[in-house]
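The structure under discussion appears below in the form of structure tokens.
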Amino acid sequence: MLDLNRLKALHAVSVYGSVGAAAEALMVTPSAISQQLAKLERETGATLLERSGRGVRLTDAAGLLAEHAERILALVETAEADFEALRGAVVGKLSMAAFPTAARGLIPAALTSLRTRHPDLELQFFEREPDREIREVARGELDLAVAQDWLNRPMALPDGLSRATLFDDIADVIIPADHPLAGRAEIQLAELCGERWISSSPGTICHDWLVFTLRSAEVEPEITCMVDEYATQIALVAAGHGCAIVPRLGSERLPDGARAVPIRPRPTRRIFAVWRTDAARRPAIRAAVEALRRAAEPYIAGGEETRAEPVQA
């Protein structure tokens, strides 16, 4: 009989392209992956890896087995989810991730709620950027992630994933306190033409969104500072080094040298939970989504109820 852990190791090498990358994804050593594959070769009587330059590649036999392994692992996950649903108990292991501002603003309260209400649930949390965490959920490395996209640049999820919106996070422009527009009730982005801008790093969702949004308002962005933490962006604004657009989840406390001014129309990002559809029946998934919804309540503007979709079985 084929061993599931060995099939998981082979599948990981197939997905990530190397023993080292597979080991990192499964949080084991490369030696452990190599040992599992060696045992799988003895079980099947087939060569699974061949040398290719400095690395290795899967043989045709390994590729065929990896395809079966993907289906087998998906069936195992579905069986585990159905069994947990039948028991109705929030138990087992649950791995979660969130992007940095959600990690700070939502996750502490959500984890506290889960550990208080469900002490038999074993939790593991990681901070991740949205693109990475969604890939890891799709590949089965994470059970649940808190991700984001922007209403004017929605994100298409990979097949096999489900989502529930937690809340809509409005963004304001942060400008120096002595800026001529600092006292306005709201402004149009076009009024900031010619300003210097502070942004996240190139290639990130928020950098690409800022460039897209400013250009849509016919403002060509002159980005002079690139930092990923919103708190650092705000500090740079307060010191007079430019303007930034910061979601309210990331701008709870402003220094004296900075002002937040609403923008018309309102830039809005959706904060949502995402999980594999095959695992939706797990009580642990349902419990985690509800804990995240409770943690999000303070951020829902004006006390309005969240638009979150129900967690589908």
- Item | Co-members of Phe212 in a cluster of I, L, V, M, F, W and Y side chains, linked at under 4.5 Å | none

- Heavy-atom neighbours of Glu70 CD exceed 12 at 6.0 Å: no

- Message: Please check if the number of heavy atoms outside Glu218 that lie under 6.0 Å from its CD is greater than 12.
- Response: no

- Worked verdict on Trp197 versus Thr224 for side-chain contact (heavy atoms from CB on, under 4.5 Å): CA-CA 6 Å; Trp197 289 92; Thr224 58; over 6 Å; no

[X] side chain near [Y] side chain, heavy-atom distance below 4.5 Å:
{"X": "Arg294", "Y": "Ser113", "result": "yes"}
{"X": "Ile205", "Y": "Asp149", "result": "no"}
{"X": "Val289", "Y": "Leu144", "result": "yes"}
{"X": "Asp143", "Y": "Val137", "result": "no"}

Run the side-chain contact (heavy atoms from CB on, under 4.5 Å) test against [X] and tell me which residues pass, sequence neighbours left out.
{"X": "Arg128", "answer": "Ala97, Phe126, Arg132, Glu133, Glu136"}
{"X": "Ala9", "answer": "Ile33, Gln36, Leu37"}
{"X": "Ala22", "answer": "Ala12, Val13"}
{"X": "Ala110", "answer": "Ala291, Leu292, Ala295"}

Answer yes if the side chains of [X] and [Y] hold a donor-acceptor pair under 3.5 Å, and no otherwise.
{"X": "Arg264", "Y": "Gln188", "answer": "no"}
{"X": "Thr204", "Y": "Asp228", "answer": "no"}
{"X": "Thr277", "Y": "Ser162", "answer": "yes"}
{"X": "Ser216", "Y": "Arg153", "answer": "no"}

- Check Ile174 against Val237 and note the closest heavy-atom contact, atom names and distance. O-CG1, 3.5 Å

- Query: What are the two closest non-hydrogen atoms of Ala103 and Glu127, and how far apart are they?
  - Reply: CB-OE1, 3.8 Å

- Message: Quick test of your reading: applying salt bridge (charged side-chain N to carboxylate O under 4.0 Å, His left out), list the pairs with at least one residue in residues 187-205, sequence neighbours left out, ordered by first then second residue.
- Response: Arg184-Glu191

